[in-house]
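Each ligand, and each atom within it, is numbered from 1 in the order the structure gives.
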Amino acid sequence: MKKVVKFGGSSLADAGQFMKAGAIVRSDESRVYVVPSAPGKRNSSDIKITDLLYECYELAVKGQNFYEPFLAVKDRYNEIIQGLSLNLSLSEAFDAIEDKLLHDPEKDYTASRGEYLNGLIMAEYLGCEFIDAADVIFFDASGSFDAGMTYPVLSARLEEAGRAVVPGFYGLGKDGKIRTFSRGGSDITGSIVASACKAGVYENWTDVSGLLMADPHIIPGPALISSITYRELRELAYMGASVMHEDAIFPVKNAGIPINIRNTNSPQDPGTWIVGNTARRSKYTITGIAGRKDFCSIVIAKDLMHSQPDFYRKVAQCFEENNIPIEHLPSGIDTMTVIVHESKFIEHEQEVLSRIAASVEPESLEVEAGIALIAVVGRSMKSQTGTAAKIFQALADSRINVRMIDQGASELNIIVGVLNEDFDRAVRAIYNSFVN
Ligand code: ASP
């Protein structure tokens with residue numbers, strides 16, 4: 001079984017971190033392909049290499065002097081090389097980047113060099129082959145990842161290499177220029193490499209021992225999630241739980257490869273398994289809680305709306321025309337409620353409301369802002385009774401008024417809407433009722 005190991009920026013921030021990553025790779029022969037990010041922050045006041053490179057580009061494109069941030073970039077890499085006692089010089093590579101910045105600055109190219117240079121160091125440190133992502137990962141003319149072109153080339157190249165390093169975050173565009181994924185995109189590269197080599201596991205090494213059941217800013221020291229399905233993860237991530245790059249799920253999900261989130265600073269921890277299916281139940285009935293503030297509800301009331309089969313469509317159209325995605329649609333017999341993001345709604349508010357008024361002639365139309373949505377997610381919910389009761393009891397005990405409830409037929413999650421100001425208290429109440 002082959003494993004693909006991706007190391008995030010904090011896992012490769014300096015020589016000490018590199019040594020931990022190297023030991024992890026060497027300790028398991030099946031860890032064959034390594035995908036590094038660019039060096040991240042060494043402490044909270046530090047600057048990521050990628051950010052320094054973007055700064056170089058911004059200055060260069062205005063014809064200004066980029067010496068300071070560029071020197072900082074070079075110093076960081078040289079320190080890592082020295083710390084690892086490697087016999088490697090990146091001066092030629094630095095000169096090429098400088099030359100490009102001076103004569104033809106390109107944003108994606110510049111940013112991608114963070115991973116490129118780190119990949120060169122990692123390959124030298126592990127004594128294995130370096131595969132430039134520009135030779136094996138391709139983007140189409142619209143700038144999206146080109147799976148059809150990438151997989152045959154990448155699979156063949158990985159097959160012929162032994163242990164190899166493929167830098168994350170970038171590939172080659174249709175126009176022959178370097179393209180990057182969006183920020184955090186090395187996660188996507190790792191997932192693509194895992195899918196291309198039909199890996200048994202995609203290990204994503206970071207600085208936490210897995211996914212947390214709730215936001216640690218609200219719940220101090222929340223429990224870790226030991227296993228979660230892709231679908232549960234999508235629900236939590238959509239509601240703001242920060243995990244990996246959103247697009248990194250799909251390549252491995254489609255190939256049926258599990259993801260194991262691991263901690264470079266605590267490699268003995270089992271981490272979190274992200275899987276397609278599992279017979280394992282989560283320890284606490286619910287898998288996790290996530291939420292976001294600042295939604296709006298638009299309550300439309302009209303007697304006998306249910307006898308008009310086109311009523312919902314007409315309302316939905318008023319939002320569609322203004323490019324506002326609908327988040328939830330809880331309904332009553334003569335009322336329907338549309339929940340949308342405040343930030344997406346406010347700008348077109350009056351257009352939408354007047355269109356609804358003209359299109360379905362409601363008896364009343366009420367708008368309320370400042371609503372927070374909380375998603376309580378758990379695959380074990382559908383086989384257990386009393387989950388909803390527990391959630392609402394916890395909220396009632398904390399005297400929190402529930403403004404909206406939505407539970408999908410899949411019973412994977414229960415969404416509750418509360419006022420923004422009750423959000424933190426509501427999350428705590430629900431968490432404590434299941435975990436503590
Ligand atoms: N270095 C890039 C970033 O900072 C990509 C990554 O780390 O995944 O966004």
Side-chain angles (χ1 to χ4, degrees), residues 4-14 17-18 20-21 24 33-58 69-70 72-74 76-77 80 90 93 97 101 106-123 130-134 136-137 139 143-145 150 165-173 178-195 202-208 211 237 241-252 259-265 274:
V4 170
V5 286
K6 181 256 164 180
F7 290 99
S10 58
S11 299
L12 302 171
D14 58 23
Q17 291 299 90
F18 251 86
K20 292 182 194 167
I24 289 165
Y33 304 118
V34 181
V35 177
S37 277
K41 293 182 177 194
R42 291 161 293 186
N43 50 60
S44 55
S45 54
D46 203 9
I47 307 175
K48 284 173 138 198
I49 287 285
T50 310
D51 291 321
L52 287 169
L53 288 166
Y54 278 124
E55 199 183 325
C56 292
Y57 165 79
E58 293 302 337
F70 195 56
V73 169
K74 293 201 278 189
R76 286 282 300 277
Y77 285 109
I80 294 174
L90 293 179
I97 299 167
L101 278 166
E106 271 174 31
K107 192 172 181 182
D108 283 11
Y109 167 84
T110 311
S112 75
R113 295 305 87 182
E115 273 69 12
Y116 172 80
L117 296 169
N118 230 19
L120 291 174
I121 298 179
M122 182 56 104
F130 172 80
I131 301 177
D132 189 345
V136 288
I137 291 189
F139 290 80
S144 304
F145 169 62
T150 299
V165 172
V166 185
F169 193 38
Y170 71 94
L172 194 69
I178 296 287
R179 278 264 167 187
T180 61
F181 292 107
S182 54
R183 294 300 305 263
S186 298
D187 283 339
I188 309 175
T189 309
S191 183
I192 292 167
V193 171
S195 171
Y202 169 28
E203 289 183 346
N204 191 297
W205 291 82
T206 174
D207 52 10
V208 287
L211 308 182
S242 64
V243 267
M244 337 167 45
H245 193 296
E246 237 198 317
D247 297 342
I249 310 286
F250 302 109
V252 281
I259 306 170
N260 188 198
I261 308 277
R262 298 286 291 269
N263 188 350
T264 304
N265 303 317
I274 306 168

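Within the structure, ligand 1 has G184 among the residues with a heavy atom less than 4.0 angstrom away. Under the 4.0 angstrom criterion for non-hydrogen atoms, G114 is not in contact with ligand 1.
Counting protein heavy atoms only, atom 4 (O) of ligand 1 is closest to R183 NH2, 2.9 Å. In terms of protein heavy-atom proximity, atom 6 (C) of ligand 1 is closest to S186 OG, 3.4 Å.
Under the 3.5 Å distance criterion, the side-chain polar atoms of D187 are matched with a main-chain donor or acceptor of H245. For T180 (side chain) and F169 (main-chain N/O), no donor-acceptor pair under 3.5 Å exists by modelled atom type. Put simply, the side chain of S191 gets close to the backbone of A248: a donor and an acceptor are under 3.5 Å apart. The main-chain N or O of I249 is never found under 3.5 Å from a side-chain atom of Y202 such that the two would form a donor-acceptor pair.
Ligand-side atoms of ligand 1 in range of S37: 6 (C), 7 (O), 8 (O), range being under 4.0 angstrom from any heavy atom. Numbered from 1 in the order shown, with element, the atoms of ligand 1 that lie under 4.0 Å from a heavy atom of E115 read 1 (N), 2 (C), 5 (C), 6 (C), 7 (O).
In terms of N/O distances under 3.5 Å, ligand 1 is not approached by D187.
Aromatic pair F18/F7: centroids not less than 6.0 angstrom apart.
Interatomic distance, E115 CD to L53 CG, rounded to the nearest 0.5 Å: 9.0 Å.
Contacts of K48 with ligand 1, taken as heavy-atom pairs under 4.0 Å, involve the side chain alone.
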